[in-house]
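Attaching a single structure in structure tokens format; questions to follow.
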Protein chains: 2
Amino acid sequence: MNETKHGHEEDPATALRQTSLRVTKQRVAVLEAVRVHPHADTETVIRSVRETLPAVSHQAVYDSLHTLTEVGLVRCIQPSGSVARYERRIGDNHHHLVCRSCGLIVDVDCTVGQAPCLTPSHDAGFVIEQAEVTFWGLCPDCAVSGAAMVGDDHRSAV
Amino acid sequence: MNETKHGHEEDPATALRQTSLRVTKQRVAVLEAVRVHPHADTETVIRSVRETLPAVSHQAVYDSLHTLTEVGLVRCIQPSGSVARYERRIGDNHHHLVCRSCGLIVDVDCTVGQAPCLTPSHDAGFVIEQAEVTFWGLCPDCAVSGAAMVGDDHRSAV
DNA sequence: CTGCTTCTTTTGAATCAGTCAAGGAAAGCG
DNA sequence: CGCTTTCCTTGACTGATTCAAAAGAAGCAG
């Protein structure tokens, strides 16, 4: 549905062309899937892509995700205990809130912004490129329903 | 084996007893291994443990690490692209510097300390328990030797 | 210190995410 | 339209981690 009316801005095909990658329907579908499902894991992307392209191989999706990550069209995050997840929002260095109970991931902007998070006390001689911040806690739903029973052993994400 | 001179402080057996876990030689060895090899992955722990206990099963190590993590005697970290790594936790919420090239992990204290890193702009209703900060970059060695040849699989993110 | 109960460890197989490799298909170019 | 290069499909494979059943130790009572 709602096809390209303007076909710019975040249009998958355009984005791909700009990185001089070949525009294949698989890649377009993967990009679209990542946009539709923020923080989706690979399996979710595969399922989503197969809604429009039933015959895609999982390998094509893995490969597309890697390629797209390399050229910077998607970003890959892997909170502890979770499989790889991808997101379309890139460029800004936003961070993530992860629910310990259900695995829900939500974006947060780095208010305090730049300085504090980007300057560790002593850098041990490292050349620092990026600071990645992950906030762990409970999402609203889990905080309510699971407040009492949380705390044992669910590493089950999603 | 520098045996108990004072037998307190960080003595594995004592620590275990205090958490009402059974004191087994496997667990003691695992705790010791984690202390000796900061940020060791499971395989390293297994090898280290087998130096003194040649017959330990890998399963015992996996299980010990999980149990010890649960009771808070060790902490598990998993930077993107890395397998699980463990460290003897100190209760302080220190952070990590990870080398993109060789994977080296180094501890850093959270200078600015408390506030900034622990308060995202808007918490989306989450109950936040912890902020985890990972600094990505190049360790001194890789920054020098690899400065030119690095860049195979990572363009500087943000 | 002897036996019992419960928690741990061993053993060995299984699962799961992700990867490798070779041949067939399709994008982009002229 | 046909070629070249890049991409996708197929199917097997790896490596980290987990499951499950049975044997083995820790801690406790007697």
Side-chain angles (χ1 to χ4, degrees), chain A residues 12-31 33 39-47 49-50 52-71 73-74 76-86 103 153-158, chain B residues 12-31 33 39-47 49-50 52-71 73-74 76-86 103 152-153:
Chain A
T14 307
L16 283 168
R17 243 180 293 269
Q18 285 172 349
T19 60
S20 57
L21 281 180
R22 284 196 179 168
V23 180
T24 67
K25 43 188 188 305
Q26 290 88 342
R27 284 177 181 165
V28 169
V30 167
L31 261 180
H39 315 118
D41 58 23
T42 309
E43 200 193 305
T44 302
V45 174
I46 292 177
R47 264 194 319 232
V49 167
R50 284 188 176 153
T52 49
L53 258 63
V56 232
S57 63
H58 77 152
Q59 187 64 1
V61 174
Y62 271 100
D63 191 42
S64 296
L65 287 171
H66 285 172
T67 309
L68 295 173
T69 301
E70 250 167 56
V71 301
L73 285 181
V74 302
C76 174
I77 58 173
Q78 291 181 258
S80 286
S82 169
V83 295
R85 286 163 182 281
Y86 297 86
D153 67 50
H154 32 216
R155 48 220 64 200
S156 58
V158 171
Chain B
T14 307
L16 282 168
R17 243 180 293 270
Q18 284 172 350
T19 59
S20 58
L21 281 180
R22 285 195 180 169
V23 180
T24 67
K25 43 190 191 299
Q26 290 87 343
R27 283 176 181 165
V28 170
V30 167
L31 261 181
H39 314 117
D41 58 23
T42 310
E43 201 192 305
T44 302
V45 174
I46 292 177
R47 265 194 318 233
V49 167
R50 284 189 176 153
T52 50
L53 257 61
V56 234
S57 63
H58 76 154
Q59 187 65 2
V61 175
Y62 271 100
D63 191 43
S64 296
L65 287 171
H66 285 171
T67 310
L68 295 173
T69 302
E70 251 167 54
V71 300
L73 285 181
V74 302
C76 173
I77 58 172
Q78 290 181 259
S80 287
S82 169
V83 295
R85 287 164 182 281
Y86 297 85
D152 38 0
D153 65 326

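Since this is a predicted model, take the numbers as computed values, not measurements. Residue numbers begin at 1 in each chain, while the letters A, B, ... track the order of the sequences.
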Could you state the atom-to-atom distance from CD1 of Ile77(A) to P of dA17(C) in whole Å?
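Value for this atom pair: 17 Å.
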
For a quick check of understanding: with a heavy-atom distance under 4.0 Å over all strands, which category does Thr42(B) fall into, base, sugar-phosphate or nothing?
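Result for Thr42(B) = sugar-phosphate.
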
Would you mind telling me which of dA17(C), dA12(D), dT6(D) lies closest to the side-chain atoms of His58(A)?
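Between dA17(C), dA12(D), dT6(D), the one nearest the side chain of His58(A) would be dA12(D).
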
Let me know the distance between CG of Asp63(A) and P of dG11(D), rounded to the nearest Å.
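Value for this atom pair: 18 Å.
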
Below the 4.0 Å mark, does dC7(D) have OP1 or OP2 next to a side-chain nitrogen or oxygen of Arg27(A)?
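Arg27(A) to dC7(D) OP1/OP2: side-chain N or O found under 4.0 Å.
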
Please pick, from dC8(D), dG18(C), dG28(C), the nucleotide with the shortest atom-to-atom distance to any side-chain atom of Ala84(A).
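Shortest atom-to-atom distance from the side chain points to dG18(C).
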
Compare side-chain N and O positions of Ser64(A) against OP1 and OP2 of dC7(D) and report whether any pair is under 4.0 Å apart.
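Answer no for this pair, as no side-chain N or O of Ser64(A) is under 4.0 Å from OP1 or OP2.
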
Can you tell me if the side-chain N/O atoms of His66(A) get under 4.0 Å from OP1 or OP2 in dT19(C)?
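True: His66(A) side-chain N/O within range (under 4.0 Å) of dT19(C) OP1/OP2.
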
Taking only side-chain N and O atoms of Gln59(B), does any of them lie within less than 4.0 angstrom of OP1 or OP2 on dT9(C)?
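Checking dT9(C) against Gln59(B), no side-chain N or O comes under 4.0 Å of OP1 or OP2.
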
Euclidean distance, atom CD1 of residue Ile46(A) to atom P of dG18(C) [Å, nearest integer]
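Whole-Å distance recorded here is 9 Å.
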
Protein-nucleotide distance (Tyr62(A), atom OH; dG11(D), atom C1'), rounded to Å:
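Atom-to-atom, Tyr62(A) to dG11(D), this comes out as 15 Å.
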
Counting the atoms with a prime plus P, OP1 and OP2 as sugar-phosphate, which does Ser57(B) contact under 4.0 Å by heavy atoms, base, sugar-phosphate, or nothing?
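Base, at least one base atom sits under 4.0 Å.
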
Does Gln26(B) put a side-chain nitrogen or oxygen below 4.0 Å from OP1 or OP2 of dT10(C)?
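Checking Gln26(B) against dT10(C): at least one side-chain N or O falls below 4.0 Å of OP1 or OP2.
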
Distance check needed: dC7(D) P versus Leu31(A) CG, whole Å only.
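Atom-to-atom, Leu31(A) to dC7(D), this comes out as 14 Å.
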
